**Q** 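Mind looking over this structure? Questions follow.
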Amino acid sequence: MKAHVEKIFRHLDPKPDALLFANSVDPHLDQTFYYVFGVPSGLFEGSVAIAHPDGSIDVLSSPLEAESARQAAKEDRHVTVHVVNRGDETEDLVRKLVGSASSVGIHFHELTHELFVRFAKTLPQAQWVDVSNAVRRARVIKDAEEIARLRKAAEIGSAVGREIPSLLKAGISELELAAEMEYRMNHHGASGRSFSTIVAFGPHGAEPHYMPSDTRLKSGDSIVCDFGAIYRRYASDITRSYHFGKNDPEMQQVHDTVEKAQEAALAAIRPGIPSKEVHLAAERVIDRSPWKGRLIHGVGHSIGLVVHDGWAYHAKAEDPLEEGMVITVEPGIYLPGHGGVRIEDDVVVTKSGFEFLTTAPRSYIEVPA
Ligand code: GLY
Ligand code: MN
C-alpha cells in the first residue's frame, strides 16, 4: 500500500534507503508487514516486506500464502510478490532487493532478535535505523478504509455485548461464557478475537487483566466482560459490566460513577488537546466519589492492527489527540474482594470531537437470577 509506505517515510528524517519488515512465527508477527502490504488474508510466517521510498513494496511470501499474496499484488500495482521456499532463498533475495541501500529501516519494536542477527549477516554493510516511532505515528492515524474495518469490528463486539445478558444463567462458568462470546463474534463476521477474552465474576472483576476460569456464576455477582473482534485484520475492544441476581447497591452506584466518568472523558475529546486531559476528566469524577483512587490504569489506548496499537494515554500523557485516531475510553473502578466495573468504548477522533464505533448499551443492567 503505497499510501502507508509513504506515510511511514514522511515521519523519517533522514530517510533510510529502504524499510525492511519481517515476520517470525506466530505470535511474533509484525503487523506493519500487513500495514504496508495490505493483504486481507494469510498468516505470512517468515515473510518479509521491503518498502522503498517511491512507495513500492517487494514481498517475500512463503508458498503457504502464495495465492493470497498474488491476488493482493494484482490489486496493487506497487506490490511485487516473490514466492520463496527456503530461508537461504530469502537471504539471497533480500540481498538482491535491498541492493546498494546503505541505511535500512527496521522495526525495533517488533523484529525478533534472531531475525535481526540473520539480516545483519545477510547485509553486513547496512546501517540499521530504528523506525519504530515513525511506524507508530503512521499507524495511529487511520484512513477511511481502516476506520471502516474498525467500525465493523466494533459492531461485532457491540452485537455480542447486547447478547450477553441473555447468556447469563446461574452456574455458567467464566470459561463457558467466554467461549459463547467468541463463538458469537465469529458468527457475526469476526475472523477471531483481538485478545484473550476476559470474563470475570464477582471478586475477579477487581483485576483488570483477569483470565477466565471454571468459576461459576451465582446470584449477587457483578460481571466484567472485556473482549474484541478481528475484522479484516483490525481489532475492536469493548468492555461491558453487568449484574446478576440479588441487587448490590454499592455495585450499582459504582456502575453509575464509571458511566459518569466515561461521559466526562468523552466530553474532553477533541483534536489538539494533550491526551492526559481525557484521562484526568475520568479520574476527577472517580476521585470525587467514595471510590477515590480505585481507577488503577490509564483510561485508553489506540486500537488498530492490534488491540494495543502502540499508543496509550494516562495522567501524564502529553501527546495530543489527532483527528483520525481510533482510541478506547475505558474507565473502571476496582474493589478488591468485591468486584469491579469497567465500561469501554471505541471512538474515532473527529474534527469537532468524537464518534462512537461501539454502540452496545452502557448503563447498569441487572439480570434476574
Ligand atoms: N481490553 C484490554 C485492555 O485494553 O487492556
Ligand atoms: Mn482496552
Side-chain angles (χ1 to χ4, degrees), residues 27 31 136 139-140 142 146-147 149-151 153-161 164 174-175 177-178 181-182 184-185 190 192-201 204-213 222-231 233-242 258-259 261-263 265-266 268-269 275-276 278-279 281-283 286 294-315 317 319 321 325-334 339-349 354 356-360 362:
Q31 299 296 316
R136 186 179 66 89
R139 278 174 46 177
V140 80
K142 271 60 182 184
E146 291 178 292
I147 291 172
R149 293 185 192 190
L150 287 162
R151 188 185 303 281
E155 275 168 13
I156 293 168
S158 300
V160 174
I164 290 171
E174 292 169 339
L175 282 166
L177 179 56
M181 289 160 56
E182 290 181 5
R184 284 167 184 252
M185 283 198 284
R193 60 187 192 180
S194 41
F195 57 98
S196 288
T197 298
I198 298 169
V199 172
F201 295 161
H204 295 157
E207 188 171 285
H209 278 180
Y210 173 78
M211 281 173 137
S213 72
S222 59
I223 299 152
V224 178
C225 296
D226 184 346
F227 56 104
I230 297 283
Y231 178 75
R233 298 203 190 277
Y234 281 76
S236 62
D237 189 5
I238 175 169
T239 307
R240 289 294 182 262
S241 301
Y242 311 86
V258 174
E259 210 183 331
Q262 196 201 37
E263 282 164 9
L266 289 164
I269 293 177
S275 49
K276 68 179 178 188
V278 182
H279 176 96
E283 194 175 66
I286 291 172
R294 297 321 309 160
L295 168 65
I296 57 173
H297 53 71
V299 160
H301 54 89
S302 167
I303 56 172
L305 284 157
V306 283
V307 68
H308 291 162
D309 193 41
W311 185 89
Y313 60 95
H314 46 75
D319 294 340
L321 292 182
M325 284 181 162
V326 179
I327 60 172
T328 68
V329 182
E330 50 175 309
I333 291 178
Y334 304 95
V341 171
R342 179 166 61 260
I343 304 173
E344 176 176 31
D345 282 277
D346 303 341
V347 305
V348 55
V349 179
F354 74 94
F356 276 118
L357 298 183
T358 38
T359 55
R362 304 167 183 90

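Keep in mind it's a predicted model, so treat the numbers as computed, not measured. Position 1 is the first residue of the sequence; numbering continues from there. Just so you know, ligand 1 is whichever comes first in the structure, and atom 1 is the first atom listed for that ligand.
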**Q** Going by side chain to side chain donor-acceptor pair (under 3.5 Å), Asp309 matches just one of Arg136, Arg139, Gln31. Which one?
**A** Arg139
**Q** Who's touching ligand 1 if we go heavy atoms under 4.0 Å?
**A** Phe195, His209, Asp226, Asp237, His301, His308, Glu330, Glu344
**Q** For the Mn ion (ligand 2), what is the number of protein N, O or S atoms at a distance under 2.8 Å?
**A** 4
**Q** Does a donor on one side chain sit under 3.5 Å from an acceptor on the other, for Glu182 and Thr197?
**A** yes
**Q** State whether the side chain of Arg294 and the backbone N or O of Tyr334 hold a donor-acceptor pair below 3.5 Å, judged by distance alone.
**A** yes
**Q** With Arg184 as the cation and Phe227 as the aromatic partner, state whether NZ or CZ is under 6.0 Å from the six-membered ring centre and within 45° of the axis.
**A** no
**Q** Does Gln262 use its side chain to pair, donor to acceptor, with the backbone of Pro331 at less than 3.5 Å?
**A** no
**Q** Apply the side-chain contact (heavy atoms from CB on, under 4.5 Å) test between Arg240 and each candidate in Asp345, Val224, Val341; give the one that qualifies.
**A** Asp345
**Q** Between Trp311 and Tyr313, what is the ring plane arrangement, given parallel below 30°, perpendicular above 60°, and tilted in between?
**A** tilted
**Q** Look at the rings of His209 and His308 and say which category their plane angle falls in: under 30° parallel, 30 to 60° tilted, over 60° perpendicular.
**A** parallel
**Q** When you check the gap from the basic side-chain N to the acidic O, do Glu259 and Arg362 get nearer than 4.0 Å?
**A** no
